[in-house]
Amino acid sequence: MIQFFNVTKKFDNGTLGLENISVSINRGEFVFLVGPSGAGKSTFTRLLIRELLPTNGQIMLDGKSIIRMKSKEIPDLRRKIGFVFQDFRLLQDRTVYENAAFALEAVGTPISEVKKRVPAVLEMVGIGDKYDCFPEELSGGEQQRVAIARAIVNNPSILLADEPTGNLDPDTSLEIMKIINDINKRGTTIIMATHDSEIVNKMRKRVIVLNKGAIIKDELKGGYDYGIQ
Ligand code: ADP
């Protein structure tokens, strides 16, 4: 469970990234984070992975303070969270298989385990037959599948997706959303920042709307409506 208690983030130049946010996200929930550019979506996700510390307030993950965490505990926190980005961020000089295996190898997973988990996860995202290709040989949708495989191969409890469909056409976006929804059905919490109104309206998940650093709406089965005049 993720809990933000009265969290404010003021940057050094005085800009407020978030102002007095309180919100809980249960394990296994699917949450869309929406709002205009500059609303605080990235600040929210960067606080969650402790890339930033809040100016005030408390942030807990599964009952443990992220803020009080020692620096040696941060890698463990980040292993619980998988990331997917709009621009895929694959290693161009490595194959599909190597891209997905990288995260496992980096944490010292035994090779026998890597050889089991990587093909299974590539299969799950529907890219098993392209394991030997390099990213530049793949379409955008295929590259995003690889990025998702890499993000979940460690079995994180949370998947953070930042505009994962931002570079994809509508049909491919729906395919990617089906995969993300399947990952959610297996119990992974999804937090997805997006401007894709069609997807938000279609999926009817929880929608948290941020504007100027504040939560202005939080609806279960919500739609894409900022409610900003
Ligand atoms: P979003 O992801 O919704 O576009 P952000 O969280 O990036 O919004 O930004 C929220 C506010 O904080 C904006 O006004 C932005 O300009 C400001 N901001 C973000 N990062 C910094 C930073 N490192 N220094 C100063 N201001 C920042």
Side-chain angles (χ1 to χ4, degrees), residues 2-25 29-61 65-67 69 71 74 77-78 80-90 140 143-144 147-148 151 156 158-168 173 176-177 180 184 188-220 222-229:
I2 299 160
Q3 292 165 298
F4 278 54
F5 296 101
N6 304 104
V7 172
T8 293
K9 174 64 193 180
K10 195 177 192 178
F11 291 101
D12 290 345
N13 66 1
T15 309
L16 274 170
L18 287 179
E19 191 174 13
N20 202 23
I21 295 274
S22 293
V23 68
S24 294
I25 298 174
E29 269 198 278
F30 191 131
V31 178
F32 286 121
L33 211 51
V34 309
S37 184
K41 304 182 293 295
S42 311
T43 305
F44 184 91
T45 53
R46 293 178 67 201
L47 285 165
L48 187 57
I49 59 171
R50 233 194 85 157
E51 223 177 80
L52 294 173
L53 280 169
T55 316
N56 283 301
Q58 183 59 268
I59 303 172
M60 314 272 275
L61 176 60
S65 167
I66 290 180
I67 295 158
M69 223 168 238
S71 34
I74 295 174
L77 164 74
R78 296 191 182 151
K80 289 186 186 168
I81 304 174
F83 308 94
V84 177
F85 306 95
Q86 177 171 357
D87 55 0
F88 322 132
R89 302 197 192 175
L90 299 173
Q143 291 189 53
Q144 195 59 296
I148 292 171
I158 301 166
L159 181 65
L160 274 184
D162 189 5
E163 291 272 0
T165 62
N167 284 348
L168 306 174
S173 297
I176 292 298
M177 289 317 299
I180 293 178
N184 177 243
T188 307
T189 308
I190 310 285
I191 301 175
M192 172 170 157
T194 187
H195 288 110
D196 197 327
S197 55
E198 204 172 308
I199 278 170
V200 174
N201 287 334
K202 203 170 180 127
M203 293 185 65
R204 294 286 150 188
K205 302 291 188 184
R206 180 175 175 188
V207 181
I208 295 177
V209 185
L210 285 167
N211 188 40
K212 296 182 181 159
I215 294 179
I216 58 164
K217 218 174 191 184
D218 183 353
E219 265 183 349
L220 294 175
Y224 191 87
D225 167 18
Y226 289 163
I228 301 164
Q229 302 306 316

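In each ligand, atom 1 is the first atom listed, and ligand 1 is the first ligand listed. Values in this document were obtained by computation on a predicted structure and should not be read as measured data.
For a heavy-atom separation below 4.0 Å, the residues in contact with ligand 1 are F11, N13, T15, L16, G17, P36, S37, G38, A39, G40, K41, S42, T43.
Across all their heavy atoms, Q144 and V84 have their closest contact at OE1-CG1, 3.4 Å.
How far CG of L47 is from OG1 of T8: 10.0 Å, rounded to the nearest 0.5 Å.
A donor-acceptor pair under 3.5 Å is formed between the side chain of S22 and the backbone N or O of N6.
Residue pairs meeting the side chain to side chain donor-acceptor pair (under 3.5 Å) criterion with at least one partner in residues 37-53, sequence neighbours excluded, are R46-E51.
Within a 6.0 Å radius of CG in D12, other residues, nucleotides and ligands contribute 12 heavy atoms or fewer.
Counting only heavy atoms from C-beta outward, the side chains of I191 and I208 never approach each other to under 4.5 Å.
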